**Q** 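One structure, pasted below without further comment.
Quick caveat, the model's predicted, so the values are computed rather than measured.
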Protein chains: 2
Amino acid sequence: MTDYDYIKDGNAIYEKSFAIIRAEAELGRFSEDEADVAVRMIHACGLVEAAEHIVFSPGFVAAGRAALKAGAPIFCDAEMVARGVTAARLPAKNEVICTLRDPRTPELAAEIGNSRSAAAIRLWLERLAGSVVAIGNAPTALFYLLELLRDGAPKPAVILGMPVGFVGAMESKQALAENSYGVPFAIVRGRMGGSAMTAAALNSLARAGL
Amino acid sequence: MTDYDYIKDGNAIYEKSFAIIRAEAELGRFSEDEADVAVRMIHACGLVEAAEHIVFSPGFVAAGRAALKAGAPIFCDAEMVARGVTAARLPAKNEVICTLRDPRTPELAAEIGNSRSAAAIRLWLERLAGSVVAIGNAPTALFYLLELLRDGAPKPAVILGMPVGFVGAMESKQALAENSYGVPFAIVRGRMGGSAMTAAALNSLARAGL
């Protein structure tokens, strides 16, 4: 009979995980608050090397925390991002919204000649001002958000720009970093990113500390 | 005014992504079917290097596909895994089940002295035989599943063992690879894994091809 020896207590696992990440990851260029967010993002992907690709614009963490405390809605490009948000950590019972499966989205996609992920953003416009935007899947969504901001759309409080993948992910995050239209942002440079890292960053913004 | 130049068609993005992955990733040690699954998993994490950590036991893909075609339920340890499954790809309207937030789970966790992720598995037992089990988050869930199998629990058709992280993830996947109690499995060795890679593997099993 095999005996399996493992830590069974969730909190103990978290604590040990965060200690390992802090010991192994290069976090020196982050502020204390930024490091907390980065540690959670690394925890979500299992790679301490991710630290070198994470970029926060000045004021991102403070702006994100303030928006959530003020009750800002969280707009997500993918259901998996929305599902990864821990409701119990949110400071103001913030709404977590994904409009990808809204019945209006396919028609909007045809209208704008873009993906459904991009079209879904059109349904955020009324409440975009001051919101927390989390893009963890689709480069087209991030590019389209930038086009809307360029054309004068209301500004979110912060943008988490973390689409993952091989076509457009790197480029869309680069474009956000080059011009975020005055909105504080966080990105993961290159191909990495995804729903788990994005949700982890949101959960970290939602409540200070680990 | 910045012009953003990017591919807006979802299918074109998929095709180009898969072509890049096939060109860059080391897929030579996989069968054709296994390579399809691996390509989707790499797509989900953005890292071609993941290929070297993916392991399929003999017969995994065939057993997983047959189970899904026969209508097997899919048991997931985390909501994010369940949410990542594309219902439209499933061959038999398979149920996708996550019992983590079942009201009985906290009490069961106290009873067995383990995490809620582990306790949630107790609620799978009646339908575990022949099912598709997907563990993409919690090492405790995978360890506990192995304990149940050791003690004579009904055998799933396949196990996707892909918890991510720094404490127990590597060890739980190693334990599965050492003795899966006769159940075909897929793992991602080491710290990598997670809900997106797990859901991608499920989606690939659900329908042959990319």
**Q** Between A:I112, A:T140, A:D5, which residue shows the highest count of heavy-atom pairs closer than 4.5 Å to chain B?
**A** A:T140

**Q** Pick whichever of B:E178, B:R150, B:M170, B:M192 has the most heavy-atom pairs under 4.5 Å with chain A.
**A** B:R150

**Q** On a heavy-atom basis, which atom in A:L47 and which in B:L47 lie closest, and how many Å separate them?
**A** CD1-CD1, 3.3 Å

**Q** Measure distances from A:A44 to the heavy atoms of chain B and classify the residue's part below 4.5 Å as side chain, backbone, both or neither.
**A** backbone

**Q** Side chains of B:Y4 and A:L142: closer than 4.5 Å at any heavy-atom pair?
**A** no

**Q** Is any side-chain heavy atom of B:N114 closer than 4.5 Å to one of A:Y6?
**A** yes

**Q** Heavy-atom pairs under 4.5 Å with chain B are the metric here; pick the option from A:P139, A:A175, A:C45 that has the most.
**A** A:C45

**Q** Which atoms form the tightest heavy-atom contact between B:V164 and A:H43, and what is the distance?
**A** CG2-O, 4.5 Å

**Q** Hey, which residues of residues 90-103 of chain A are touching chain B, say heavy atoms under 4.5 Å apart?
**A** A:R101

**Q** Could you tell me whether the side chain of A:R191 reaches within less than 4.5 Å of the side chain of B:V48, counting heavy atoms only?
**A** yes

**Q** Near A:Q174 CD, under 6.0 Å, is it more than 12 heavy atoms from other residues, nucleotides or ligands?
**A** yes

**Q** By a 4.5 Å heavy-atom criterion (distance strictly below it), what part of A:D3 contacts chain B: side chain, backbone, both, or neither?
**A** both

**Q** Any chance CD of B:E107 has more than 12 other-residue heavy atoms, nucleotides or ligands included, within less than 6.0 Å?
**A** no

**Q** Looking at A:E24, A:R83, A:E79, which has the largest count of heavy-atom pairs under 4.5 Å with chain B?
**A** A:R83

**Q** Counting only non-hydrogen atoms closer than 4.5 Å, does A:E171 touch chain B with its backbone (N, CA, C, O), its side chain (CB onward), both, or neither?
**A** neither

**Q** Of all of B:I42, B:D9, B:N179, which one pairs up most often with chain A through heavy atoms under 4.5 Å apart?
**A** B:I42

**Q** Taking the side chain as everything from C-beta on, heavy atoms only, tell me whether B:F166 gets closer than 4.5 Å to A:Y14.
**A** no

**Q** Check A:M80 against B:G84 and note the closest heavy-atom contact, atom names and distance.
**A** SD-CA, 3.5 Å

**Q** Using non-hydrogen atoms only, which part of B:I7 is less than 4.5 Å away from chain A: side chain, backbone, both, or neither?
**A** both

**Q** Enter the distance from A:S115:OG to B:N11:CG here, rounded to the nearest 0.5 Å.
**A** 11.0 Å

**Q** For atom CZ of B:R104, is the number of surrounding heavy atoms from other residues, nucleotides or ligands below 6.0 Å larger than 12?
**A** no

**Q** Answer yes or no: does atom NZ of A:K16 have more than 12 heavy-atom neighbours from other residues, nucleotides or ligands under 6.0 Å?
**A** no

